[in-house]
Participant: 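One structure, as structure tokens, below. Some questions next.
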Amino acid sequence: MATLPFSATSAHSNLATHSKFISSFIYSNPIRRNSRWFFISTSCSSRARRQLCVKSAATDQKDAATQTQEGSLVTFPPDSVSVASIIKYHAEFTPSFSIESFGLPKAFYATAESVRDMLMMNWNETYEYYEKLNVKQAYYLSMEFLQGRALLNAVGNLELSGAYAEALKKLGHNLEDVARQEPDAALGNGGLGRLASCFLDSLATQNYPAWGYGLRYKYGLFKQHITKDGQEEVAENWLEMGNPWEIPRNDVSYPVKFYGEVVSGPDGNKQWIGGENVTAVAYDVPIPGYKTKTTVNLRLWSTKVAPEEFDLHAFNTGDHAKAYAAIKNAEKICYILYPGDESVEGKSLRLKQQYTLCSASLQDIIARFERRSREPVKWEEFPEKVAVQMNDTHPTLCIPELIRILMDAKGLSWKEAWDITRRTVAYTNHTVLPEALEKWSLQLIQELLPRHVEIIKLIDEELIHIIIAEYGTEDLDDLVQKLREMRILDNIELPDSVLEILSKSEESSVVDYIEEVDIEAKATDEEAQSEGLDTEKKKEVTFELDPKLPKMVRMANLCVAGGHAVNGVAEIHSEIVKNEVFNDFYKLWPEKFQNKTNGVTPRRWIRFCNPDLSKIITKWTGTEDWVKDTEILVTLGKFADNEDLQSEWREAKRRNKIKVASFLKEKTGYLVNPDAMFDVQVKRIHEYKRQLLNILGIVYRYKKMKEMSPDERKAKFVPRVCIFGGKAFATYVQAKRIVKFITDVGATVNHDQEIGDLLKVVFVPDYNVSVAEVLIPGSELSQHISTAGMEASGTSNMKFAMNGCIQIGTLDGANVEIRQEVGEDNFFLFGAHAHEIAGLRNERAQGKFVADPRFEEVKAYVRSGVFGPYNYDELMGSLEGNEGYGRADYFLVGKDFPSYLECQDKVDEAYRDQKRWTKMSILNTAGSYKFSSDRTIHEYARDIWRIEPVVLP
């Protein structure tokens, strides 16, 4: 246990000086462009007024001299001495721990708080400059932000890694050890949240005026434990010791209402009254850019109620549950990311989360717009100052909520509010899976958000009139089909205004939406037929409701109708969005649809997580500018055959593999050989991502090994360490079976002395950003093997490519573009193509599919009990049969299995030739230039948000 290496007396004097400054900061001119000064001035009297300047470590030590005359500067360069001084201050005066010791946890919090001070200076100046210029600003709303640890990223972006490393060494600690004390922020789960976090980094680095908005989840998704029974979930504890990066804004709060009723006022305006009221309180997290002063904000909302909602009388009479019921109902909104939604209560809680994010964020955005505007507020200019991006369908309620505020609170007409909303909001679609194209029960929304149902009905009616105006009523069958596909309200009556239009159609004598038949008209028609009269013009059309199906609100359709732009996140995905998912909308509004291929930040995903490779890249490209301009990575391609580069490349990879091996031993107890191929699949556990295909391939490999002599095994197979990681959603039974299966296979294979180091299978528990930062730099083969057409993009494939990891995969998502950029010879391709999938499923339904004998062999081997007593009939059964829920191999594991095995043989062959493999690795990094989130954000800013970079003076 370390202690602070300074005397109590001198420390108290020194820290007291810091306390005078820090207790009353007024931040001004935090950083000059080149010399990087941080100015901190106090609000003391003029005689006592001082400024603390923290200058770069490169500054001459003479600048650290202290001057005491009136109006002078007290300067501290951010070398190890001044940084240590600031850390000491926080260890003493902003403690979360006792003062007796300076252990690693306390060192982390003191260090993080010292960095946060510097970020806040830049954050304040960024915010004030945006306010002064009244620039157009983008607002990124997402249910997830998978930030990871912040310390190394922050000091790296501030270019203070060296100063902090030296300072902590003086204080008895190592920077990396201190950084490992930080828990990952439990604000996300998968690629959706990690993409949002990469975007914030790129927005700040490229000086775009933007904020992120999310929820502050107390317990996250869950912490994953792996036991003999498979995955077990426990609550995250990331906030248990406090979060040193967040700044509570107790003065920034907004009311959020649920339930109640809608009444009309004397002027005819609607008012939403009564119901349940909670308060959303802001917590700000500063996000620094790389080598820039710009520091953007991630504003997270937490929910509470006023203290008077605590029922003191009930508490004192012993009814404790009733006493704090209102408090718990409010707080639980921000307890868990994606609470289970199989119950009505779970669905209601999810909807409350989504509405809280939308309502609080929009109230905040509108308040900022009003403050920056001159009186009177010109609401028609709102879209010229505000761009709202919905990250998937979770923030869809932004659309009716913005209309509600503009109409009910600001007095605008429906027409004005609808026009403003459509010019402000844009939607990113992230997947074609049904669960991402959310549908909500109309009854649930009606109970929870009655005013919003009225507005959604208005939008639905507006959309129907647009469709009718575009396509007319001549072909009513075609029109009916379009309405069924495109309406926001599903299985719900047509509005009266639409029925009136259709009833006037010359081709329709009857429009019956609720399965009632106009008996009189029908009788007349029958009489005409009996008399041989022409009844061709009298065509009966029915718009049938299905009483067995619920009435639903289709959120994705609402996003498309209510926004000005819709984008997919990879070229193939965007084509599927246009041609399949939203084809009718694309035909109606082709100008709305765009592609914005995802990207990842090269700061976190190469520069900071893989310093060995970063040094090599800088050496061979001749510049460190690649960290911001990844097109420079292309330069590596011309050296791909250079023996010196290849030698350095292999050595860096091996050092990273040794780190991975040590990490696996620590987390799982398994010992692995760093000279084996490290084969990795880390991502959310889902059937379409096909971890099942991977593990069945491993089982087949293991079976063949067991059938061979030791010499035959060594000749046939390259040694492999097969690494899995990812969480299965708590109620996703099949995904949890897959986790159990992987761990059972690992337990058998890893203890098989005959096989030894020739094959290991390791499941890493509680996969998160920090785990990825260890695994990815040491990976050699990464698996991106989703059923073609089902992965929107993927971002882990980009991270692996950046780190020189070769990929095996299908032509799905961003794999298509990665393969184009790294070269077809440097990507292991297998499997059916997206355009074939529907036909293959149809063949399966007709009983025409014939499984490869190897596939039948591996299923039988699993069922033999070799991997333990667990019954895998349900899991194997999902791959069998021709129809039925949970059957018929919907994700085509059996179809692609032989192609996958043959492709894996090619992987082994390539790995044996290390010169060839290293060249492939170099070309993967060179070809990853396109997949920087800096590029993606530039395209969003240019094409969707229409915002420009704003560089602080």
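As a basis for the values below, the full set of heavy atoms in this structure was taken, side chains included, without hydrogen atoms, waters or symmetry mates. As the structure is a prediction and not an experimental result, all values here were calculated from the model.
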Participant: We want to know whether Y213 and D364 form a side-chain donor-acceptor pair, criterion being a heavy-atom distance below 3.5 angstrom.
Facilitator: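 Yes.
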
Participant: Would you please classify the geometry between the Y254 ring and the W301 ring as parallel, tilted or perpendicular, with 30° and 60° separating the classes?
Facilitator: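 Taking Y254 first and then W301, their aromatic rings stand perpendicular (interplane angle over 60°).
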
Participant: Give the intermediate values and the outcome of side-chain contact (heavy atoms from CB on, under 4.5 Å) for residues E159 and K291.
Facilitator: CA-CA 7 Å; E159 298 179 273; K291 291 188 177 182; 3.2 Å; yes

Participant: Do the side chain of N391 and the main chain of L141 share a donor and acceptor less than 3.5 angstrom apart?
Facilitator: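 Answer holds: no.
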
Participant: Would you check if the side chain of T126 reaches a backbone N or O of N122 as a donor-acceptor pair within less than 3.5 Å?
Facilitator: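 Side chain of T126 to backbone of N122, a donor-acceptor pair under 3.5 Å: yes, one is there.
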
Participant: Run the ring-centre check on H173 versus F102 and record whether the distance is less than 6.0 Å.
Facilitator: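 Under 6.0 Å, so yes.
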
Participant: Check whether any side-chain heavy atom of I287 sits under 4.5 Å from a side-chain heavy atom of T295, and report yes or no.
Facilitator: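 Of all side-chain heavy-atom pairs linking T295 with I287, none is under 4.5 Å.
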
Participant: Which heavy atom of A204 sits nearest to which heavy atom of T292, and what is that distance?
Facilitator: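 In terms of heavy atoms, the two residues are closest at O-CG2, 3.5 Å.
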
Participant: When you measure from the side chain of S614 to the backbone of N610, do you find a donor-acceptor pair of N or O atoms at a distance under 3.5 Å?
Facilitator: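 Looks like yes, one N/O pair under 3.5 Å.
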
Participant: Write down the atom of M143, the atom of L337, and the distance for their closest heavy-atom approach.
Facilitator: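 That would be O-CD1, 3.8 Å.
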
Participant: Would you mind reporting whether P286 and I247 have side-chain heavy atoms less than 4.5 Å apart?
Facilitator: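 Yes, close enough: below the 4.5 Å cut-off.
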
Participant: Check whether S142 reaches the backbone of A196 with its side chain - one donor and one acceptor, N or O, closer than 3.5 Å.
Facilitator: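 Not confirmed, S142 side chain does not pair with A196 backbone.
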
Participant: Using ring centroids (six-membered ring only for Trp), state whether F310 and Y324 fall under 6.0 Å.
Facilitator: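 Not close enough - the centres of the two rings lie 6.0 Å or further apart.
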
Participant: With side chains defined as the heavy atoms from C-beta onward, is the minimum distance between Q353 and Y217 less than 4.5 Å?
Facilitator: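 Contact flag for Q353/Y217 side chains = yes.
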
Participant: If we count only N and O atoms by modelled type, under 3.5 Å, do the side chains of Y338 and E144 hold a donor and an acceptor together?
Facilitator: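 Y338 vs E144: donor-acceptor pair found between side chains.
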
Participant: Decide yes or no on side-chain contact (heavy atoms from CB on, under 4.5 Å) for W605 and T795, but give the supporting numbers first.
Facilitator: CA-CA 11 Å; W605 293 113; T795 53; over 6 Å; no

Participant: Taking atom types as modelled and ignoring hydrogens, do the side chains of S770 and R149 form a donor-acceptor contact shorter than 3.5 angstrom?
Facilitator: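 A donor-acceptor contact under 3.5 Å links the two side chains.
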
Participant: Return yes if some donor-acceptor pair links the side-chain N/O of R299 with the main-chain N/O of G214 below 3.5 Å, else return no.
Facilitator: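 A pair under 3.5 Å: no.
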
Participant: Charged N to carboxylate O below 4.0 Å: is that the case for R604 and E773?
Facilitator: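 A salt bridge is present here (some side-chain N lies under 4.0 Å from a carboxylate O).
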
Participant: Any heavy-atom pair between the side chains of Q206 and H938 that's under 4.5 Å?
Facilitator: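 SC-SC contact between H938 and Q206 confirmed.
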
Participant: Are Y940 and F199, when compared by the centres of their aromatic rings, separated by less than 6.0 Å?
Facilitator: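 Judged by ring-centre distance (under 6.0 Å), Y940 and F199 do meet the cut-off.
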
Participant: Please give me the minimum heavy-atom distance between A772 and P777, naming the atom from each residue.
Facilitator: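 Closest heavy-atom pair between A772 and P777: O-CD, 3.9 Å.
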
Participant: Rounded at 0.5 Å granularity, tell me how far CG in L119 sits from CG in L158.
Facilitator: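 Here the interatomic distance stands at 5.0 Å.
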
Participant: Distance from K218 atom NZ to E240 atom CD, nearest 0.5 Å?
Facilitator: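 Here the interatomic distance stands at 10.5 Å.
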
Participant: Distance only, no hydrogens: is a donor on one side chain within 3.5 Å (strictly under) of an acceptor on the other, for E624 and T618?
Facilitator: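 T618 and E624 do not have a side-chain donor-acceptor pair below 3.5 Å.
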
Participant: Judged by modelled atom types alone, do Y164 and S114 share a side-chain donor-acceptor pair under 3.5 Å?
Facilitator: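 Present: a donor and an acceptor within the cut-off.
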
Participant: Are R180 and D177 packed together at the side-chain level, in the sense that at least one heavy-atom pair is separated by less than 4.5 angstrom?
Facilitator: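 Touching, per the 4.5 Å side-chain cut-off.
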
Participant: Going from NE2 on H90 to OG on S85, what distance comes out if it is rounded to the nearest 0.5 angstrom?
Facilitator: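 It comes to 10.0 Å.
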
Participant: Is K304 paired with E331 through a side-chain N to carboxylate O contact shorter than 4.0 Å?
Facilitator: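 No, no charged N to carboxylate O under 4.0 Å.
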
Participant: Is any NZ, NE, NH1 or NH2 atom of the basic residue among K727 and E233 found under 4.0 Å from an Asp or Glu carboxylate oxygen of the other?
Facilitator: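 Salt bridge: no.
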
Participant: Would you call N174 and L168 a side-chain contact if the rule is heavy atoms closer than 4.5 Å?
Facilitator: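 Answer no - side chains too far apart.
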
Participant: Side-chain contact test, heavy atoms from C-beta onward, threshold under 4.5 Å: evaluate it for V627 versus R603 and give yes or no.
Facilitator: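 Yes, their side chains come closer than 4.5 Å.
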
Participant: For the backbone of M120 and the side chain of N124, can you confirm whether one donor and one acceptor N or O come within less than 3.5 Å of each other?
Facilitator: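 Flag set: sc N124 to bb M120 pair under 3.5 Å.
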
Participant: On a heavy-atom basis, which atom in V296 and which in L200 lie closest, and how many Å separate them?
Facilitator: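 Reported closest heavy-atom pair: CG2-O, 3.8 Å.
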
Participant: Run the numbers on V774 and N656 for side-chain contact (heavy atoms from CB on, under 4.5 Å), then give the verdict.
Facilitator: CA-CA 8 Å; V774 176; N656 285 322; over 6 Å; no

Participant: Given 3.5 Å as the limit, does a donor-acceptor pair link the side chain of T303 with the main chain of A330, or not?
Facilitator: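 Indeed, once roles are kept as given, a pair shorter than 3.5 Å links the two residues.
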
Participant: Looking only at heavy atoms, which two atoms of F222 and E236 are closest? And how far apart?
Facilitator: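 Where F222 meets E236 most closely, the heavy atoms are O-OE2, 3.6 Å.
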
Participant: Mind checking the OG-CZ spacing from S302 to R249? Nearest 0.5 Å is all I need.
Facilitator: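 Nearest 0.5 Å value for the OG-CZ distance: 15.0 Å.
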
Participant: If you measure from CZ on R116 to OG1 on T111, what distance do you get to the nearest 0.5 Å?
Facilitator: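 The CZ atom of R116 sits 13.0 Å away from the OG1 atom of T111.
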
Participant: Has K667 got more than 12 heavy atoms of other residues, nucleotides or ligands less than 6.0 Å from its NZ?
Facilitator: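 Incorrect, the count does not exceed 12.
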
Participant: To check you understand the geometry: which heavy-atom pair defines the closest contact between S202 and D934, and what is its length?
Facilitator: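 It is OG-OD1, 2.5 Å.
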
Participant: Whether D766 and K223 form a salt bridge (side-chain N of Lys/Arg under 4.0 Å from carboxylate O of Asp/Glu) is what I want to check.
Facilitator: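 No.
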
Participant: Just checking, any donor-acceptor pair under 3.5 angstrom between side chains of Q363 and S359?
Facilitator: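 Yes.
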
Participant: Do N250 and V281 touch side chain to side chain, with heavy atoms closer than 4.5 Å?
Facilitator: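 With C-beta onward as the side chain, the pair touches.
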
Participant: Establish, from distance only, whether the side-chain atoms of W123 and N297 form a donor-acceptor pair under 3.5 Å.
Facilitator: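 W123 vs N297: donor-acceptor pair found between side chains.
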
Participant: Using modelled atom types and a 3.5 Å cut-off, is there a donor and acceptor pairing between side-chain atoms of D184 and backbone atoms of V769?
Facilitator: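 Present.
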
Participant: Is D284 reaching over with its side chain to a backbone N or O of P248, donor-acceptor style, under 3.5 angstrom?
Facilitator: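 Here the side-chain-to-backbone pair does not exist.
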
Participant: When rounded to the nearest 0.5 angstrom, what distance separates CG in L203 from OG1 in T601?
Facilitator: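 It is 11.0 Å, given to the nearest 0.5 Å.
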
Participant: Apply side-chain contact (heavy atoms from CB on, under 4.5 Å) to residues I947 and V135 and explain how you reach the verdict.
Facilitator: CA-CA 8 Å; I947 61 174; V135 296; over 6 Å; no

Participant: Judged by modelled atom types alone, do W245 and E182 share a side-chain donor-acceptor pair under 3.5 Å?
Facilitator: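 The answer is yes; a qualifying pair exists.
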
Participant: Indicate yes or no: does E948 engage K136 in a salt bridge with an N to O separation below 4.0 Å.
Facilitator: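 A salt bridge is absent here (no side-chain N lies under 4.0 Å from a carboxylate O).
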
